[in-house]
Amino acid sequence: QVQLVESGGGLVQAGDSLRPSCAGSGRTFSTSHIGWFRQASGKEREFVAAISRGGEIYYSDSAKDRFTISRDNGKSTASLQMNSLKPDDTAVYYCAATPRAAYYASKAYLENQSVYSSWGQGTQVTVSS
């Protein structure tokens, strides 16, 4: 099991940037797929971005061209660089992991929340207009 802790959320204005990070503990971080999800108030949690164990990267339509997911297995960390933020990006952002994963995975697989067995506590991102 991977323990995950997010940080780096905050309150920003529209057009600004934020870089939430996710720190993992345990020796299985490097063998995990990593996903970022978000949940806005009153809405269901949704997929934002994912990076597979083998380095494949996928984004939701809303994140594509504005967000960049990355990982550093040596430091057991993952980050989500978010640029050109909009008020609609306001949500709690969660990172999640699938330990001991196959090397590659499809977008359809990684955007499915049920494949992730480890979740962080979330970090609040608020974008004001």
Side-chain angles (χ1 to χ4, degrees):
Q1 195 79 329
V2 179
Q3 305 295 322
L4 302 171
V5 177
E6 297 99 335
S7 62
L11 171 62
V12 297
Q13 293 186 332
D16 286 350
S17 299
L18 274 176
R19 188 183 174 89
S21 294
C22 175
S25 63
R27 302 176 66 180
T28 57
F29 187 90
S30 64
T31 64
S32 300
H33 302 316
I34 302 296
W36 282 94
F37 294 80
R38 68 185 183 186
Q39 186 168 22
S41 180
K43 296 186 178 181
E44 294 185 353
R45 190 162 56 189
E46 64 177 5
F47 170 78
V48 177
I51 182 166
S52 72
R53 176 183 176 184
E56 300 162 299
I57 291 175
Y58 305 104
Y59 298 101
S60 66
D61 288 343
S62 62
K64 190 177 180 181
D65 298 327
R66 298 188 299 127
F67 294 2
T68 302
I69 188 173
S70 61
R71 66 189 298 167
D72 184 335
N73 289 334
K75 297 181 179 179
S76 295
T77 58
S79 297
L80 185 67
Q81 176 67 44
M82 305 191 297
N83 299 328
S84 303
L85 283 163
K86 306 173 182 179
D88 284 348
D89 295 318
T90 296
V92 178
Y93 284 71
Y94 298 90
C95 69
T98 63
R100 302 182 186 89
Y103 206 69
Y104 296 111
S106 67
K107 180 180 180 182
Y109 182 81
L110 292 180
E111 64 184 6
N112 182 351
Q113 299 181 44
S114 66
V115 308
Y116 297 89
S117 57
S118 298
W119 290 82
Q121 84 288 354
T123 185
Q124 177 71 47
V125 171
T126 303
V127 184
S128 64
S129 58

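Quick note: residue numbers are just sequence positions, from 1.
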Could you tell me if R71 sits above the aromatic ring of F29, with its cationic atom closer than 6.0 Å to the ring centre and no more than 45 degrees from the axis?
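Relative to the ring axis of F29, which defines the angle, R71 lies inside both limits.
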
Which atom names give the shortest non-hydrogen contact between [X] and [Y], and what distance separates them?
X   : Y    : answer
H33 : A102 : CE1-O, 3.0 Å
N83 : S17  : OD1-OG, 2.9 Å
P99 : S32  : CA-OG, 3.2 Å

Check: S106 side chain, Y109 main-chain N or O, donor-acceptor pair, under 3.5 Å:
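A pair under 3.5 Å: yes.
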
Would you confirm whether S52, through its side chain, and G55, through its main-chain N or O, come within 3.5 Å as a donor-acceptor pair?
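Indeed, once roles are kept as given, a pair shorter than 3.5 Å links the two residues.
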
Using the side-chain contact (heavy atoms from CB on, under 4.5 Å) rule, take Q124 and T126 through it: C-alpha gap first, then chi angles, then the decisive distance, then the call.
CA-CA 6 Å; Q124 177 71 47; T126 303; 3.3 Å; yes

Within the structure provided, determine whether [X] and [Y] are in side-chain contact (heavy-atom separation under 4.5 Å).
X    : Y    : result
S60  : K107 : no
W36  : C22  : yes
V125 : L18  : yes

Rounded to the nearest 0.5 Å, what separation is found between the [atom1] atom of [X] and the [atom2] atom of [Y]?
X   : Y    : atom1 : atom2 : answer
Y94 : L4   : OH    : CG    : 13.0 Å
E6  : T123 : CD    : OG1   : 7.0 Å
I57 : T68  : CD1   : OG1   : 8.0 Å
I34 : I69  : CD1   : CD1   : 8.0 Å

Give the C-alpha distance, both sets of side-chain angles, the deciding distance and a yes or no for side-chain contact (heavy atoms from CB on, under 4.5 Å) between L80 and V48.
CA-CA 9 Å; L80 185 67; V48 177; 4.0 Å; yes

Linking I/L/V/M/F/W/Y whenever any side-chain heavy atoms sit under 4.5 Å apart, do [X] and [Y] land together?
X   : Y    : value
I51 : L110 : no
F47 : V115 : yes
M82 : Y58  : no
F67 : V92  : no

Anything under 30° is parallel, anything over 60° is perpendicular, the rest tilted; go ahead and classify W119 against F37.
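Rings of W119 and F37: tilted, as their planes differ by 30° to 60°.
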
Using the side-chain contact (heavy atoms from CB on, under 4.5 Å) rule, take Y59 and R66 through it: C-alpha gap first, then chi angles, then the decisive distance, then the call.
CA-CA 10 Å; Y59 298 101; R66 298 188 299 127; over 6 Å; no

Step by step, would you call S79 with Q81 a side chain to side chain donor-acceptor pair (under 3.5 Å)?
CA-CA 6 Å; S79 297; Q81 176 67 44; over 6 Å; no

Could you list the donor-acceptor pairs under 3.5 angstrom formed by side chains in residues 38-46, with sequence neighbours left out?
residue: R38; atom: NE; partner: E46; partner atom: OE2; Å: 2.7
residue: R38; atom: NH1; partner: D89; partner atom: OD1; Å: 2.9
residue: R38; atom: NH1; partner: Y93; partner atom: OH; Å: 3.0
residue: R38; atom: NH2; partner: E46; partner atom: OE2; Å: 3.2
residue: R38; atom: NH2; partner: S62; partner atom: OG; Å: 3.4
residue: Q39; atom: NE2; partner: K43; partner atom: O; Å: 3.1
residue: R45; atom: NE; partner: Q113; partner atom: OE1; Å: 2.8
residue: R45; atom: NH2; partner: Q113; partner atom: OE1; Å: 3.3

Derivation of the side chain to side chain donor-acceptor pair (under 3.5 Å) call for T77 and D72
CA-CA 5 Å; T77 58; D72 184 335; 4.9 Å; no

Given V127 and D16, is the side-chain contact (heavy atoms from CB on, under 4.5 Å) satisfied, shown in steps?
CA-CA 8 Å; V127 184; D16 286 350; over 6 Å; no

